[in-house]
Asker: 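My structure is below; once you've seen it, I'll send some questions.
Nothing here was measured: the structure is a model prediction, and the numbers come from that model.
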Amino acid sequence: QVQLVESGGGLAQPGGSLRLSCAVPGVTLAYYNVAWFRQAPGKDREGVSCISASDSGTEYAGSVKGRFTIARDSATNTVYLQMNNLTPADTGVYYCAADLSRIACGIYYTSLYDYWGRGTQVTVSS
């Protein structure tokens with residue numbers, strides 16, 4: 001059973017930063033494509049970023065490119081999402097998702113991922 005556990009959400013001011021973590025106890029996360037999705041109230045879930053298992057290639061949504069960075073730490077078996085220069089539009093529940101795949105990761109379809117965490121709330125407000 002692959003159980004993803006997100007942490008690091010909270011309240012940030014516009015222009016501030018947060019770092020989200022996605023841990024998967026008992027699983028070698030390096031074998032999985034891992035993605036972050038987010039869902040704002042009343043909106044569909046949207047892909048934010050992902051990192052591929054095969055070559056650690058990354059992908060970002062246009063709205064976060066240059067502000068967010070996804071990284072994998074094999075020593076701690078954790079994937080991080082560093083979020084800088086936050087804006088109110090970044091508010092939402094952030095979900096970590098994983099899939100055991102040999103192809104490049106993607107952020108446009110939630111169906112690409114078999115395993116999901118329960119989410120962590122990010123609120124950006126002054």
Side-chain angles (χ1 to χ4, degrees):
Q1 184 75 12
V2 179
Q3 295 183 330
L4 285 71
V5 181
E6 303 100 333
S7 61
L11 176 64
Q13 292 189 339
S17 298
L18 287 172
R19 188 176 76 161
L20 305 184
S21 300
C22 175
V24 191
V27 169
T28 302
L29 205 53
Y31 297 151
Y32 290 76
N33 287 347
V34 178
W36 287 96
F37 288 77
R38 67 185 180 189
Q39 189 165 18
K43 293 189 177 182
D44 292 336
R45 193 170 297 190
E46 64 172 354
V48 175
S49 182
C50 70
I51 185 165
S52 296
S54 58
D55 61 358
S56 294
T58 58
E59 185 173 354
Y60 296 92
S63 60
V64 307
K65 194 171 293 185
R67 299 188 297 122
F68 290 13
T69 302
I70 190 170
R72 188 199 326 267
D73 186 336
S74 297
T76 59
N77 207 35
T78 303
V79 170
Y80 298 98
L81 184 68
Q82 178 67 44
M83 306 187 296
N84 297 329
N85 196 20
L86 288 163
T87 73
D90 296 315
T91 295
V93 178
Y94 282 68
Y95 298 91
C96 179
D99 185 66
L100 188 61
S101 176
R102 295 184 178 182
I103 64 173
C105 70
I107 59 171
Y108 297 106
Y109 302 101
T110 58
S111 59
L112 290 174
Y113 298 91
D114 292 331
Y115 308 105
W116 291 81
R118 294 185 176 184
T120 184
Q121 177 70 46
V122 170
T123 302
V124 184
S125 175
S126 56

Asker: Tell me every residue that passes side chain to side chain donor-acceptor pair (under 3.5 Å) with T123, counting only those two or more places apart in sequence or in another chain.
Answerer: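 Per chain and number, T123 pairs via side chain to side chain donor-acceptor pair (under 3.5 Å) with Q121.
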
Asker: For the backbone of L29 and the side chain of N77, can you confirm whether one donor and one acceptor N or O come within less than 3.5 Å of each other?
Answerer: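 Yes: the side chain of N77 pairs with the backbone of L29.
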
Asker: Please report the interatomic distance CG(L20) to OH(Y95), rounded to the nearest 0.5 Å.
Answerer: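 Between atom CG of L20 and atom OH of Y95 there are 13.0 Å.
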
Asker: Within this structure, what is the CZ-CZ distance for the pair R38 and R45, rounded to the nearest 0.5 Å?
Answerer: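 So the CZ of R38 and the CZ of R45 are separated by 13.0 Å.
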
Asker: Who else is in V5's hydrophobic cluster (ILVMFWY, side-chain heavy atoms under 4.5 Å, direct or via others)?
Answerer: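 Cluster partners of V5: none, it stands alone.
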
Asker: What side-chain donor-acceptor pairs closer than 3.5 Å can you find for residues 105-112, not counting sequence neighbours?
Answerer:
none

Asker: Just to verify, what does A30 make a side-chain contact (heavy atoms from CB on, under 4.5 Å) with, not counting sequence neighbours?
Answerer: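 So A30 forms a side-chain contact (heavy atoms from CB on, under 4.5 Å) with T28, R72, S74.
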
Asker: Look at atom CG of D44 and say whether more than 12 heavy atoms of other residues, nucleotides or ligands are closer to it than 6.0 Å.
Answerer: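 No, the 6.0 Å shell around CG holds no more than 12 heavy atoms from other groups.
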
Asker: Please identify each residue that fulfils ring pair (Phe, Tyr, Trp, His ring centres under 6.0 Å) with Y94, with sequence neighbours left out.
Answerer: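 Listed in chain order: nothing, the list is empty.
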
Asker: Might you point out which heavy atoms bring N33 and S52 nearest each other, and give the distance in Å?
Answerer: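 The answer is OD1-CA, 3.2 Å.
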
Asker: What residue pairs, at least two apart or across chains, pass ring pair (Phe, Tyr, Trp, His ring centres under 6.0 Å) with a residue in residues 18-46?
Answerer: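 Those involving residues 18-46 are F37-Y113, F37-W116.
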
Asker: Let me check something: do L4 and V27 share a hydrophobic cluster, defined by ILVMFWY side-chain heavy atoms less than 4.5 Å apart, either directly or through other members?
Answerer: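 Linked, L4 and V27 end up in one cluster.
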
Asker: With a cut-off of 3.5 Å and sequence neighbours excluded, list every side-chain donor-acceptor pair involving residues 79-86.
Answerer:
| unit_1 | atom_1 | unit_2 | atom_2 | d |
| --- | --- | --- | --- | --- |
| Q82 | NE2 | N84 | OD1 | 2.9 |
| N84 | OD1 | S17 | OG | 2.9 |

Asker: Just grab all the side-chain hydrogen bond (donor to acceptor under 3.5 Å, both in side chains) pairs involving residues 2-11, residues at least two apart or on different chains.
Answerer: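 Listed once each, the pairs would be none.
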
Asker: Between Y60 and I70, is there a donor-acceptor pair closer than 3.5 Å when you use the side chain of the first and the backbone of the second?
Answerer: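 Such a contact is found between Y60 side chain and I70 backbone.
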
Asker: Hey, does the side chain of S101 reach the backbone of I103 with a donor-acceptor pair shorter than 3.5 angstrom?
Answerer: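 A pair under 3.5 Å: yes.
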
Asker: What distance do D99 atom CG and C50 atom SG have between them, rounded to the nearest 0.5 Å?
Answerer: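 So the CG of D99 and the SG of C50 are separated by 11.0 Å.
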
Asker: Can you list, by chain and residue number, the hydrophobic cluster partners of L11 when the side-chain cut-off is 4.5 Å?
Answerer: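 Via sub-4.5 Å side-chain contacts, L11 links to none.
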
Asker: Does anything in residues 115-126 pair up under salt bridge (charged side-chain N to carboxylate O under 4.0 Å, His left out), and if so which pairs, sequence neighbours excluded?
Answerer: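 For residues 115-126: none.
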
Asker: Please list, chain by chain and in numerical order, all residues satisfying side-chain contact (heavy atoms from CB on, under 4.5 Å) with S126, sequence neighbours excluded.
Answerer: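 By the side-chain contact (heavy atoms from CB on, under 4.5 Å) rule, S126 matches P14.
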
Asker: Please name all residues satisfying salt bridge (charged side-chain N to carboxylate O under 4.0 Å, His left out) with R67, sequence neighbours left out, ordered by chain then number.
Answerer: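 Applying salt bridge (charged side-chain N to carboxylate O under 4.0 Å, His left out) to R67 gives D90.
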
